[in-house]
There are 2 protein chains.
Amino acid sequence: MLFTFKDRFPQLNPYWEKYTALQQRVEYPAKTTLLREGKIAQNYYFVEKGCLRVWFDNHEKDTTFQFFFENEGVSSLESFSKNIPSAFSIETIEPSVIQILSKAVFNEMLTELGQNPDFLLALMSISFDRQRHYMNEFLSRIRDTPQQRYMNLLAERPHIVKRVPQHYIASYLGVTSVHLSRIKNQLARKK
Amino acid sequence: MLFTFKDRFPQLNPYWEKYTALQQRVEYPAKTTLLREGKIAQNYYFVEKGCLRVWFDNHEKDTTFQFFFENEGVSSLESFSKNIPSAFSIETIEPSVIQILSKAVFNEMLTELGQNPDFLLALMSISFDRQRHYMNEFLSRIRDTPQQRYMNLLAERPHIVKRVPQHYIASYLGVTSVHLSRIKNQLARKK
DNA sequence: GTAAGACGATAACATTTGTTATCAAATCCA
DNA sequence: TGGATTTGATAACAAATGTTATCGTCTTAC
């Protein structure tokens, strides 16, 4: 699945710095697809400025399941490492500045660091964290009403609600944008 | 999460046989709780005869997310190995004969086999399989309508529909038993 | 600067699913 | 065996959510 590297394991930062130099820095306009569902991931993307969303095609509608902002990184780890088609797409929401780490550089990194226990432990830990993250995402979809999910988002990650257009929020909550409008209306009324 | 051992890795069966001897064999009536959500798992359960369901409390309702039949084994691996409260309950559906592997024996096993790469690889592989399994379960809940989920179940695991009471099937599909009746009615009509 | 498109609110209506209640059949158990 | 419980179907109604359409405002692109 997805993974995020930088600053999660400070002991790895020296290594990271070395490979940071090998990254490409690219500016993309809004709504640019970086990775298309069904394609094989070739890069790891690190957000310097702007924001991304990760989504999959759900019978013609789209289901967003994560947003990424400055200083967060993302790839389809499964696709990236096993050369299998990605289960989701990654695209920019705002015009964004992205640092790209290519698979070639990543593989070089793996070769060099693959024997380093810190590195392997970091990889595993990242992998487990992501598993837990997605498990909780999905559980929340089953347990909570869209309204509860929206209130959680407001309380815990208000920056998302501020920066992301409402129909993507709706797609993340699992409802239509019309219904999200209703939810906001109800909440405003209650106050 | 849950995990299943036996026969998935034939190369481990010799080891398994040894510990099989240390299992307890217990008969339980129907609807007996083996592990209660919130408690710390003390055992691994292997179904010799009968069937189990795994479920969690979802705002007073129950959400079933897996069934286990003969020759399948289950525990809350996270709870079991990290001594944290289990996220779900395990209970019998039919009167069942269960083989119990205690945590003490499991730990002994770990000590003895923890250096065996086959064993470690097997553990990791089992863990990844389960992750994928639950990911797909949850994805199916988001992507598919209850009717599609029911048809999948009929097509892919008809034994479940045959043996498990309908309200558990409904809880597994994520609908009320009343609605499952409606779904069955619609499907019958179409034929 | 202006036209086109994106975004968000709202209304009217449709569809899906839940809730409660009732009934009949099957099963359990004492 | 016979009463209690479980299981499953169905009806009537309620609640949640989707669909389509309209409108006003705000952005974006040229």
Side-chain angles (χ1 to χ4, degrees), chain A residues 27-33 50-51 53 55 58-64 67 91-96 140-151 153-154 160-191, chain B residues 27-32 50-51 53 58-64 67 91-96 140-151 153-154 160-191:
Chain A
E27 295 189 27
Y28 292 104
K31 298 193 205 177
T32 307
T33 294
C51 68
R53 75 184 183 108
W55 63 279
N58 178 351
H59 303 299
E60 257 69 322
K61 330 232 154 135
D62 74 26
T63 295
T64 298
F67 300 102
E91 69 175 39
T92 57
I93 293 176
E94 304 174 353
S96 302
S140 160
R141 282 216 179 215
I142 289 173
R143 292 191 130 107
D144 306 333
T145 64
Q147 176 165 330
Q148 286 168 322
R149 281 162 58 67
Y150 181 65
M151 293 191 310
L153 205 60
L154 276 179
I160 292 183
V161 181
K162 277 182 205 133
R163 278 177 70 175
V164 174
Q166 187 162 311
H167 56 287
Y168 295 137
I169 303 279
S171 138
Y172 173 78
L173 295 176
V175 297
T176 60
S177 60
V178 173
H179 194 61
L180 177 51
S181 266
R182 279 195 283 247
I183 288 172
K184 290 174 71 174
N185 190 309
Q186 287 169 19
L187 289 178
R189 221 168 274 234
K190 277 186 190 166
K191 271 190 186 168
Chain B
E27 295 190 26
Y28 292 104
K31 297 191 206 182
T32 307
C51 68
R53 75 183 182 110
N58 178 352
H59 303 299
E60 261 59 331
K61 331 235 153 129
D62 75 26
T63 295
T64 299
F67 300 103
E91 69 176 38
T92 57
I93 293 176
E94 303 174 354
S96 302
S140 160
R141 282 215 180 215
I142 289 172
R143 291 192 131 106
D144 305 334
T145 64
Q147 175 165 332
Q148 285 169 323
R149 281 163 58 67
Y150 181 66
M151 293 191 309
L153 204 61
L154 276 178
I160 292 184
V161 183
K162 276 182 203 134
R163 280 175 69 174
V164 173
Q166 187 162 311
H167 55 289
Y168 295 137
I169 303 280
S171 137
Y172 172 79
L173 295 177
V175 297
T176 61
S177 60
V178 172
H179 194 62
L180 177 52
S181 265
R182 279 194 283 243
I183 288 170
K184 290 173 72 173
N185 190 311
Q186 286 169 17
L187 289 177
R189 220 168 273 234
K190 276 187 191 166
K191 269 187 189 171

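Each chain gets a letter, A, B and so on, in the order its sequence line appears, and its residues count up from 1. None of the values given here were measured: they were computed from a predicted structure. The basis for the numbers below is simple: all heavy atoms, side chains too, and nothing from hydrogens, waters or symmetry mates.
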(request) Report the residue (B:Ser181 or A:Pro146) whose heavy-atom-nearest nucleotide on DNA chain D is the more 5′ of the two. (result) B:Ser181
(message) Go through it in stages, so that I can follow the logic: the residues are A:Glu91 and A:Lys31, the test is salt bridge (charged side-chain N to carboxylate O under 4.0 Å, His left out), and I'd like the CA-CA distance, side-chain angles, deciding distance and then a yes or no.
(response) CA-CA 6 Å; A:Glu91 69 175 39; A:Lys31 298 193 205 177; over 6 Å; no
Should [X] be listed as having a side-chain N or O under 4.0 Å from OP1 or OP2 of [N]?
X: A:Lys184; N: C:dC7; answer: no
X: B:His167; N: D:dT6; answer: no
X: A:Thr176; N: D:dG18; answer: yes
X: B:Asn185; N: D:dT10; answer: yes
X: A:Gln166; N: C:dA9; answer: yes
X: B:Lys61; N: C:dT19; answer: yes

(request) Any salt bridge (charged side-chain N to carboxylate O under 4.0 Å, His left out) involving residues 162-173 of chain B? Give me the pairs, sequence neighbours left out, ordered by first then second residue. (result) B:Glu70-B:Arg163, B:Glu94-B:Arg163
Return the value, rounded to whole Å, for the distance between atom [atom1] of [X] and atom [atom2] of [N].
X: B:Leu180; N: D:dT6; atom1: CG; atom2: P; value: 19 Å
X: B:Ile183; N: D:dA9; atom1: CD1; atom2: C1'; value: 14 Å
X: B:Arg163; N: D:dT7; atom1: CZ; atom2: P; value: 15 Å
X: A:Ile93; N: D:dT27; atom1: CD1; atom2: P; value: 17 Å
X: A:His179; N: C:dT15; atom1: NE2; atom2: P; value: 18 Å
X: B:Glu94; N: D:dT7; atom1: CD; atom2: C1'; value: 15 Å
X: A:His59; N: D:dG18; atom1: NE2; atom2: P; value: 14 Å
X: B:Lys31; N: C:dC29; atom1: NZ; atom2: P; value: 9 Å

(request) Please round to the nearest 0.5 Å and tell me the distance separating atom CD1 of B:Ile160 and atom CD1 of B:Ile93. (result) 9.0 Å
(request) Supply the atom-to-atom distance A:Gln166 CD to A:Tyr172 OH, rounded to the nearest 0.5 angstrom. (result) 15.5 Å
(request) Choose from D:dG18, C:dG18, C:dA6 the nucleotide whose nearest atom is closest to any side-chain atom of B:Val175. (result)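 Of the options given, the side chain of B:Val175 lies nearest C:dG18.
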(message) Please pick, from C:dT19, D:dG8, C:dT17, the nucleotide with the shortest atom-to-atom distance to any side-chain atom of B:Val178.
(response)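 So the side chain of B:Val178 is nearest to C:dT19.
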(request) Would you kindly check whether a donor in the side chain of A:Arg182 faces an acceptor in the base of D:dG18, or vice versa, at under 3.5 angstrom? (result) yes
(request) Would you mind reporting whether A:Lys184 and A:Val161 have side-chain heavy atoms less than 4.5 Å apart? (result)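 Counting from C-beta outward, A:Val161 and A:Lys184 never come under 4.5 Å.
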